[in-house]
2 protein chains.
Amino acid sequence: MQTFDSVEDLHEFVEVLLRRIDQRYTAGRRAVVELLASSDHPLSISDIEIRTPTIPRSSAYRHLSDLHRAGVLRRITASDEFARFELAEDFLHHHHHLLCSSCGRVIDVTPTASFERTVARMVHELTDEQGFLATSHALDVIGHCASCQN
Amino acid sequence: MQTFDSVEDLHEFVEVLLRRIDQRYTAGRRAVVELLASSDHPLSISDIEIRTPTIPRSSAYRHLSDLHRAGVLRRITASDEFARFELAEDFLHHHHHLLCSSCGRVIDVTPTASFERTVARMVHELTDEQGFLATSHALDVIGHCASCQN
DNA sequence: CTACTTGCAAATGCTTTGCAGGAGA
DNA sequence: TCTCCTGCAAAGCATTTGCAAGTAG
């Protein structure tokens with residue numbers, strides 16, 4: 001999933017980003033980053049709490065907020081209103097999300113290059129007249145995941 | 001903006017949707033619907049509070065929740081995490097959103113028919129392998145609006 | 001040493017809910 | 001007259017913050 005050859009490279013880059021805002025890369029933050037890096041979908045606070053029980057809630061919130069501020073994480077909001085986090089796209093392949101409106105689950109899907117060329121062209125089409133300067137885009141598909149269709 | 005010839009048609013349809021869930025179309029709910037219908041972009045709770053000061057917060061929340069449950073409204077989450085509401089797409093033209101990450105503003109943009117055909121084809125491409133049943137999609141463009149680019 | 005981190009508990013702030021009086025049909 | 005609606009105040013709940021002890025460099 002990562003565009004880094006090794007986990008060490010990932011950590012090194014995260015550390016650089018944190019240093020830019022005078023933050024240290026401590027064990028707790030490392031644990032959060034590793035958890036997110038090992039997941040194939042965005043995690044909510046409770047996901048994180050369950051999988052790193054030694055980290056108190058308030059610290060987890062602070063880690064997420066600091067890492068987000070440093071540009072390491074991306075915060076997304078699904079159909080339910082729990083914030084979910086994933087590594088920023090600098091660390092991952094660019095991808096889109098399938099949001100299950102039944103269970104709230106978020107599924108990552110990686111588009112093909114030609115797919116993305118088309119999206120980029122279309123984004124331009126939408127923004128040009130508005131004088132809007134696009135920095136990124138998100139194509140969310142809302143529906144029901146395979147396990148919620150019985 | 002509406003696909004209805006008159007505001008009366010809009011209200012009539014809303015009333016039907018509410019009746020389906022044994023709810024009445026009262027003055028407060030009407031005011032919320034009219035406000036959303038007159039806006040060219042999604043409104044947050046505080047927008048609504050400011051523009052309909054006679055409606056108490058708790059009632060506004062209840063109206064939004066009931067109207068949402070009836071299928072009249074669509075709830076969206078922008079880059080800041082304030083919920084915003086707009087009329088469901090049955091009442092509006094299908095459209096996408098430009099999200100300004102500087103000021104949080106949400107701008108509606110209406111795509112062309114050929115644009116949407118392409119999006120629909122691409123959505124299929126993303127979901128088919130996952131066994132995911134798509135019901136709708138949202139293409140959000142993140143960036144900076146014209147007034148936030150100085 | 002000096003500055004950043006962390007854990008706990010308390011506080012915040014948005015949102016929801018209980019309840020009693022009011023209104024629609 | 002039965003059921004739904006509304007306003008107020010109180011409660012809930014995810015998230016944030018103050019503070020003091022801990023740790024990195």
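The figures that follow rest on heavy atoms only: side chains count, while hydrogens, waters and symmetry mates do not. Protein chains get the first letters and strands the later ones, always in sequence-line order, with residue 1 at the start of each.
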Phosphate-side-chain proximity, [X] and [N], N/O vs OP1/OP2 below 4.0 Å:
X: A:Arg57; N: C:dC8; answer: no
X: B:His63; N: D:dT6; answer: yes
X: A:Thr26; N: C:dT6; answer: yes

Practice task
Give one of base, sugar-phosphate or nothing for B:Asp66, where a contact means two heavy atoms less than 4.0 Å apart.
Solution key: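 If one applies the 4.0 Å heavy-atom cut-off, B:Asp66 turns out to touch nothing in the nucleic acid.
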Handout entry: Carboxylate-amine/guanidinium contact A:Arg19 A:Glu15, below 4.0 Å
Key = yes
Nearest whole Å is fine: how far is [N] [atom2] from [X] [atom1]?
X: B:Leu64; N: D:dT6; atom1: CG; atom2: P; result: 12 Å
X: A:Leu18; N: D:dA24; atom1: CG; atom2: C1'; result: 14 Å
X: A:Tyr25; N: D:dG25; atom1: OH; atom2: C1'; result: 18 Å
X: A:Asp47; N: D:dA14; atom1: CG; atom2: P; result: 14 Å
X: B:Arg75; N: C:dC14; atom1: CZ; atom2: P; result: 14 Å
X: A:Asp22; N: C:dC4; atom1: CG; atom2: P; result: 6 Å
X: B:Arg29; N: C:dA23; atom1: CZ; atom2: P; result: 15 Å
X: B:Ile21; N: D:dT3; atom1: CD1; atom2: P; result: 18 Å

Problem - 5′-ward residue of the pair B:Tyr61/A:Ala27 relative to DNA chain C - result: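 Nearest-nucleotide comparison on DNA chain C picks A:Ala27.
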Handout entry: Derivation of the side-chain hydrogen bond (donor to acceptor under 3.5 Å, both in side chains) call for A:Glu86 and A:His95
Key = CA-CA 11 Å; A:Glu86 64 183 6; A:His95 63 277; 3.1 Å; yes
Handout entry: Within one Ile-Leu-Val-Met-Phe-Trp-Tyr cluster: A:Tyr61 and A:Val14, side-chain cutoff 4.5 Å
Key = yes
Practice task
Measure distances between side-chain N and O atoms of B:Arg24 and base N and O atoms of D:dC5, and say whether any donor-acceptor pair falls under 3.5 Å.
Solution key: no
Practice task
Test for a donor-acceptor pair under 3.5 Å between the base of D:dT16 and the side chain of A:Arg62, counting only N and O atoms.
Solution key: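 No, the side chain and the base share no sub-3.5 Å donor-acceptor pair.
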Problem - Parallel, tilted or perpendicular, as decided by the 30° and 60° cut-offs, for the rings of B:His11 and B:Tyr25 - result: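 Tilted, since the angle between the ring planes falls between 30° and 60°.
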Exercise for the section: Could you grab the distance from atom CD1 of B:Ile45 to atom CD1 of B:Ile50, nearest 0.5 Å is fine? Expected result: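 CD1 of B:Ile50 is found 11.5 Å from CD1 of B:Ile45.
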